[in-house]
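Report on one structure; see the data block that follows.
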Amino acid sequence: MEDGLWMRIETSAGFVPSRRGSVGVMPAEEHTSIELAGTDRPGLLSEVCAVLADLHCNVVNAEIWTHNARAAAVVHVTDDSMSCAISDPKRLSMIKELLCNVLKGSDDLKTAKTTLSAPGVMHRERRLHQIMFADRDYERVEKAGVRAVEEGSSRPQVTLLNIEKDYTVVTMRSKDRPKLLFDIVCTLTDMQYVVFHGMVNTGRIEAYQEFYIRHVDGLPISSEAERVRVIQCLEAAIERRASEGLELELCTDDRLGLLSDITRIFRENSLCIRRALISTKGGKAKDTFYVTDVTGNPVDPKIIDSIRAQIGHTALQVKCNSSLAPKLPHQETTMGHFFGNLFKARTFQNFKLIRSYS
C-alpha cells in the first residue's frame, strides 16, 4: 500500500481481494464486516470504537493486529436496535466517512477512496495477513523512543539456501506459539510460493521449521532482492501474532459502547493495545488485550491496579506478561503449539510434509 490508508467495509462473512486506499460496502443478513489498515498510534482503536458506538454499531467480534508501526483490523458489527447487518446506504456512507477521518489522523495518511465490493469467503486471520502484507508492514520502520517488537535472540531467524536449480530451502527458528505454522504457510501462499517438502520440530518454547519451496512459475528464488523480501515477509508473519505485552482478559455483560468505554480507559491511562481479540456470545463479552505503555515497555502494575478498579477486578483479569517470558533456550523440552493441540508429545513434536508431483 502506498502512503495512505486502506479500509474496506463489506457486509457478509467473506471478503474480496483488497484494493489500495479503498472502502467497499455490500449488504448481507448477519453482520457488517469492516476492514481497516493504516499507521498505528496510541488511542487509534479507542477512536474507532467511539465512532462505532456513536453510530449505534454493536461490535459482535473483532481481531486487531499491530506490527512495525502498522495496524490492521477485521471488525464485525450489527445494528444495535435490530441486531442484524446494517443495510441503509446513507448510514453505511457515514460509517465509511467517519472511520476514514479517524484513520487519516496519522501524519503519513493522505487519501481515502470509496468503492463497492462484492462479497466472498475468507478466514479472518488469513485476511489480516493479506491486509498487512498489502500494507507492506514487513518493511521495518525504526521510530525514536519506541522499542522494537523483538530484540536480539528473541527475533525470528530466517535463512534461505538454493539447492542446485530445483528448490529454495527456507529454515526458520523462533519462539513457538499457537498457529505459527498457519501464519507461515499463509504468507508463503500469498507470496505465490508452493511448499513441496517440509519439516517442523517444536519444543516447549522454540520452533524450528524447514520448507522446500518454489515459486508458482516452477523456479526457486533467483535474485538477492527476492531473497531479502521473502526473509522480511516471513519474519513479519512470525511477529504479527506474537503476544507482546501484558495479557488482559475482560469477561462481562455485553452492551452497546462497552468496547468504546474499555479502550477509552486504556487510552486515558497511556496503555497501547498491541493486539486484541473481541468476541461476544449469549449476551456476554469475552475480550483479550495485549498491552504495553506508549513506548512499548511493560506497564506499571500500579496503573493496571487503577484500571481494574475502574472496570471491576472480577471483570478484568491479568492473564500473562510476555515481557517476562524466557528467551529462546539452547535445548528444548515438552510440547509446542503447532495446529493448537493437534500434536501432543512429551518431548519434540515432529511434523513432515511431503508433496510430490509426477
Side-chain angles (χ1 to χ4, degrees), residues 6-19 22-38 45-65 71-100 102-103 114-132 134 179 182 186 241 249-263 273 275-289 340:
W6 184 87
M7 180 175 73
R8 180 165 60 83
I9 302 178
E10 90 179 33
T11 302
S12 79
F15 93 108
V16 163
S18 63
R19 298 181 61 183
S22 65
V23 179
V25 176
M26 184 63 63
E29 295 181 359
E30 294 183 356
H31 58 250
T32 298
S33 180
I34 303 173
E35 294 181 357
L36 307 169
L45 181 58
S46 174
E47 294 177 34
V48 168
C49 293
V51 167
L52 295 175
D54 288 344
L55 295 173
H56 295 277
C57 300
N58 188 46
V59 177
V60 293
N61 61 72
E63 192 154 357
I64 299 95
W65 292 359
V74 176
V75 185
H76 293 167
V77 301
T78 59
D79 178 274
D80 179 55
S81 60
M82 304 293 291
S83 297
C84 62
I86 300 165
S87 58
D88 180 14
K90 291 183 178 179
R91 190 174 174 192
L92 290 171
S93 178
M94 179 65 70
I95 293 171
K96 289 186 291 183
E97 179 182 353
L98 294 180
L99 289 178
C100 281
V102 168
L103 292 176
T114 301
T115 60
L116 294 178
S117 303
V121 177
M122 174 53 64
H123 188 280
R124 185 174 64 191
E125 295 164 348
R126 174 76 185 279
R127 186 67 189 129
L128 282 165
H129 277 299
Q130 291 181 334
I131 293 170
M132 299 206 86
K179 300 187 180 181
F182 172 89
C186 280
R241 210 201 294 254
E249 184 179 85
L250 176 73
C251 295
T252 189
D253 293 334
D254 189 30
R255 58 175 173 79
L256 176 67
L258 173 65
L259 195 56
S260 175
D261 292 341
I262 297 298
T263 54
I273 298 172
R275 188 162 66 91
L277 180 62
I278 311 302
S279 63
T280 60
K281 185 176 182 180
K284 296 289 185 180
K286 185 175 181 180
D287 306 336
T288 301
F289 304 93

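Heavy-atom minimum distance, Ala50 versus Ser260: CA-OG, 3.4 Å. Contact detail for Arg91 and His56: the closest heavy-atom pair is NH2-O, 2.9 Å.
Using a 4.5 Å cut-off on side-chain heavy atoms (C-beta onward), Glu249 and Asp287 make no contact. With contacts defined as side-chain heavy-atom distances shorter than 4.5 Å, the pair Asn61/Arg124 qualifies.
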Quiz item: Passes side chain to side chain contact (heavy atoms under 4.5 Å, CB included), Glu30 versus His76? Steps please.
Solution: CA-CA 9 Å; Glu30 294 183 356; His76 293 167; over 6 Å; no
Quiz item: What's the verdict on side chain to side chain contact (heavy atoms under 4.5 Å, CB included) for Trp65 and Leu277, showing C-alpha distance, side-chain angles and the deciding distance?
Solution: CA-CA 9 Å; Trp65 292 359; Leu277 180 62; over 6 Å; no
Quiz item: Hey, mind stepping through Leu55 and Met94 against side chain to side chain contact (heavy atoms under 4.5 Å, CB included) and telling me if it holds?
Solution: CA-CA 9 Å; Leu55 295 173; Met94 179 65 70; 3.9 Å; yes
Exercise. Would you sort out whether Leu52 and Ile34 count as a side chain to side chain contact (heavy atoms under 4.5 Å, CB included), showing the intermediate values?
Key: CA-CA 11 Å; Leu52 295 175; Ile34 303 173; 3.9 Å; yes
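Among Asp80, Thr78, Val77, the single residue meeting the side-chain contact (heavy atoms from CB on, under 4.5 Å) criterion with Cys57 is Val77. Checked against Val48 for a side-chain contact (heavy atoms from CB on, under 4.5 Å), the options Val75, Leu99, Val59 give a single hit: Leu99.
Of the possible donor and acceptor atoms, none in the side chain of Ser93 sits under 3.5 Å from a partner among the backbone N and O of Pro89. The main-chain N or O of Ile86 is found under 3.5 Å from a side-chain atom of Thr32 such that the two form a donor-acceptor pair.
Between Lys281 and Asp254, none of the side-chain N atoms (NZ, or NE/NH1/NH2) sits under 4.0 Å from a carboxylate O, so this pair counts as no salt bridge.
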